[in-house]
Amino acid sequence: MLSLAGLTKSYGSVRALDGLSVELAGGSVGLLGPNGAGKTTLMKLLLGLLEPDGGSARILGLDPSEPHGRHELRRRVGYMPEGDCLLPGMNAVEMVTTLGRAIGLTDSDAMTRAHETLDYVGLDEQRYREMVSYSTGMKQRVKLAQALAHDPPLLLLDEPTNGLDPKGRRHMLDLVHDLSHAQGKHVILCSHQLPDVERTCDQVVVLARGRVIESGTIAALTRSEERFVGLHVAGDVAAFEAGLTAHGRVFSRSEAGELRVATLGEDADGLFALAASCGARIEGVEELRTSLEDVFLRALRSAEGTRP
Amino acid sequence: MTASTHTEIYRRLKGQLDPHPPTARLLWRARMHVAFKRKLPLLVLFVPPWISGIVFSFVVYSKFTLEQGVESPLTAGGGGPMAGAMVGAIAGQLIQVHDQIVMFTHVSRVFALLAIAWFGAGLVCEDQRAGAHLLYFSRPVSRFAYFGGHFLTIASFGAIVTVGPVLLIGLVAVFSSPEYSFLFEKWNVLLGALGYAAINVLVLSMIALGISALSSRKSYALAGVFAFVLGSDAVGAMMRATQSDSDWGMLGVMSNLRRIAEWLMSANRQMFEWNPWYSVAILGGLVLGSGVLIARRLRRLEVVA
């Protein structure tokens, strides 16, 4: 589905993509990365809105840097942008119909598809209201509906759960999951919400500083050898953290003050000894499952070279 | 997912996609549809020019019918002093009708400015505010098609208030003149009036779109269009008055449009006397500048989310 080789893109002196290479067979892919990692630039390159400075990209077998490929690609991709994106002065039916026509649907097909996709996303009679009065959840659903108007094989979804309440978020994730797993769509989901990605995607690509720093199936990545324990530490915690760093342990501190420490495949005895030597004491130990968040943070640390 | 109602089921597209949809025309249709939803601006902006057009048409009609003998000199044939006097009278009528059409084009400039500013000022900036450009450009809609759709929209409104009434007056003049003499004697006035209406719409549309592309809100763009067009004329008028040189009128957009109107329609009484090609060059530069501005802005809109 997606093949990127040595893709580079710079804005002046800022290098947004730095030799980005990745191969994805298809399915549902979560695109993760901190702000400035190059996700948005990559999305634009995939749509052919930007031309790369170097390297090559093929999406669905098409080259977005070539005019014909770009034109075809935009017909085969459904893009759901981030934030509020509406056509001013229109209601949902008019918007989806207009955008359906713009992609090549006939008038009657566009109208039929508008109602079918709005039915699918669960927008009922509100579809006839002007969209300025819509809630965030309704706007997100309309955006998804317009991306589906031409029944594209690939969906690019940029932060589809932004601003949604828990119920709306669950509904949106259900839709995305259904599209990728039951309807056979390829989905590239760009999100800061790791649980959303974990729930809807089978694979992830983690970007940082314009490079792929981790990619693979979520199942494989969270099955890594590295396991974590949660430690409740009292005493000289700062000295203990310094000791962890000195011993090459990856750790992070949760908001509740719990330390998440990689065990490097050993049991926790070494950590007790280290704590004692640093004037700290471990009051509680809890084995933690490797989550996507752990994978993400580990990959980021690795990329930033903070791992001693 | 489990469907909670019978409707929440994904359905496949059964139709076909047109490989090259006429996106500019589609955008134009969509924008016109949106504009026609609100009736009050249409009423306020379209009724006065059409009433003026009807009034001018009536005046034109009355020039020919009330001052004309029952029998046309052209059909009556023969010669003599009576026929000569009637031919002279008709020539006088044609000149008066000619003046009426020129006068209407001067009036229509203001209507065109109002309609184009109102309907055009919000086009690009409101799209940008609503994020509509992202939806368009992620489809096979080129910047040129996007511009074309918006330009057609704004030009349509301009044409409704300029070309339409001019056509009406012209048709009335042609059909009420004896033996369609207006068409044969003054065809250049009709062509000039239509040509001027097109130039008027082109210039004002490009200025409105350019200012819209630079603005963040419709209200700012609206103020910008009026400030630019009327402000330039105010400065021109002030300089004309203080320097006692009518050529300073070239500073004003509307004055240049008036000069071109007088030139294209060979007006009998001309307010400005500078070389009309200067006006063509000035307005051409404005159109070109606006075009460059719009092109740069649209490229930015296409790329920057």
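When reading the values below, keep in mind they use all heavy atoms of this one structure, side chains included, and skip hydrogens, waters and symmetry mates. In the text below, chain A, chain B and the rest are named by the order of the sequence lines, each starting its count at 1.
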Asker: Short question: side chain of His71(A), backbone of His20(B) - any donor-acceptor pair under 3.5 Å?
Answerer: no
Asker: Heavy atoms only, distances under 4.5 angstrom: which of Thr23(B), Leu135(B), Leu26(B), Val34(B) has the most pairs with chain A? Name it, please.
Answerer: Leu135(B)
Asker: Side-chain contact test, heavy atoms from C-beta onward, threshold under 4.5 Å: evaluate it for Arg101(A) versus Arg29(B) and give yes or no.
Answerer: yes
Asker: On a heavy-atom basis, which atom in Leu13(B) and which in His150(A) lie closest, and how many Å separate them?
Answerer: CD2-O, 3.7 Å
Asker: Could you check whether atom CZ of Arg12(B) has more than 12 heavy atoms from other residues, nucleotides or ligands sitting under 6.0 Å from it?
Answerer: yes
Asker: Of the options Asp151(A), Asp109(A), Leu105(A), which is the one that meets Leu17(B) in a side chain to side chain contact (heavy atoms under 4.5 Å, CB included)?
Answerer: Leu105(A)
Asker: Within the 4.5 Å heavy-atom criterion, are Arg113(A) and Lys14(B) side-chain neighbours or not?
Answerer: no
Asker: Looking at every non-hydrogen atom in both residues, tell me the closest pair between Glu94(A) and Lys37(B) and how far apart they are.
Answerer: OE1-NZ, 2.6 Å
Asker: Within a 6.0 Å radius of atom OH on Tyr11(A), are there more than 12 heavy atoms belonging to other residues, nucleotides or ligands?
Answerer: yes
Asker: Met95(A) versus chain B, heavy atoms under 4.5 Å apart: side chain, backbone, both or neither?
Answerer: side chain
Asker: Hey, are Arg38(B) and Glu130(A) close enough for a salt bridge, meaning a charged N less than 4.0 Å from a carboxylate O?
Answerer: yes
Asker: Write down the atom of Ala132(B), the atom of Leu87(A), and the distance for their closest heavy-atom approach.
Answerer: CB-CD2, 3.4 Å
Asker: So which part of Arg25(B) gets closer than 4.5 Å to some heavy atom of chain A, the side chain, the backbone, both or neither?
Answerer: neither
Asker: Taking all atoms of both residues into account, what is the closest heavy-atom pair of Ala102(A) and Val141(B), and its distance?
Answerer: CB-CG2, 4.1 Å
Asker: Is there a side-chain contact between Ile103(A) and Pro140(B) in this structure, where contact means two heavy atoms from C-beta onward sitting under 4.5 Å apart?
Answerer: yes
Asker: Applying side chain to side chain contact (heavy atoms under 4.5 Å, CB included), run through Ile9(B) and Tyr120(A) and close with a yes or a no.
Answerer: CA-CA 5 Å; Ile9(B) 295 166; Tyr120(A) 177 66; 5.7 Å; no
Asker: Do the side chains of Leu99(A) and Tyr136(B) get nearer than 4.5 Å, heavy atoms only?
Answerer: yes
Asker: Return yes when atom CZ of Arg129(A) has more than 12 non-hydrogen atoms of other residues, nucleotides or ligands closer than 6.0 Å, and no otherwise.
Answerer: yes
Asker: Sort Lys139(A) into side chain, backbone, both or neither according to what part of it lies under 4.5 angstrom from a heavy atom of chain B.
Answerer: neither
Asker: State, to 0.1 Å, how close Leu134(B) and Cys85(A) come at their nearest heavy-atom pair, and which atoms those are.
Answerer: CD1-SG, 3.7 Å
Asker: Find the distance between CD (Glu126(B)) and CG (Leu86(A)) and round it off to the nearest 0.5 Å.
Answerer: 11.5 Å
Asker: Tell me, side chain or backbone of Asp158(A) under 4.5 Å from chain B's heavy atoms, or both, or neither?
Answerer: neither
Asker: Using non-hydrogen atoms and a 4.5 Å limit, figure out which bit of Pro88(A) sits close to chain B: side chain, backbone, both or neither.
Answerer: both
Asker: Which atom names give the shortest non-hydrogen contact between Met90(A) and Ala30(B), and what distance separates them?
Answerer: CE-CB, 3.7 Å
Asker: What I'd like to find out is whether the side chain of Met80(A) reaches to under 4.5 Å of the side chain of Ser138(B), using heavy atoms alone.
Answerer: no
Asker: Between Arg11(B) and Gln183(A), is a side-chain hydrogen bond (donor to acceptor under 3.5 Å, both in side chains) present by the stated rule, with each step listed?
Answerer: CA-CA 9 Å; Arg11(B) 291 180 171 84; Gln183(A) 309 304 333; over 6 Å; no
Asker: So do the side chains of Tyr10(B) and Leu179(A) get within less than 4.5 Å of each other, counting heavy atoms only?
Answerer: yes
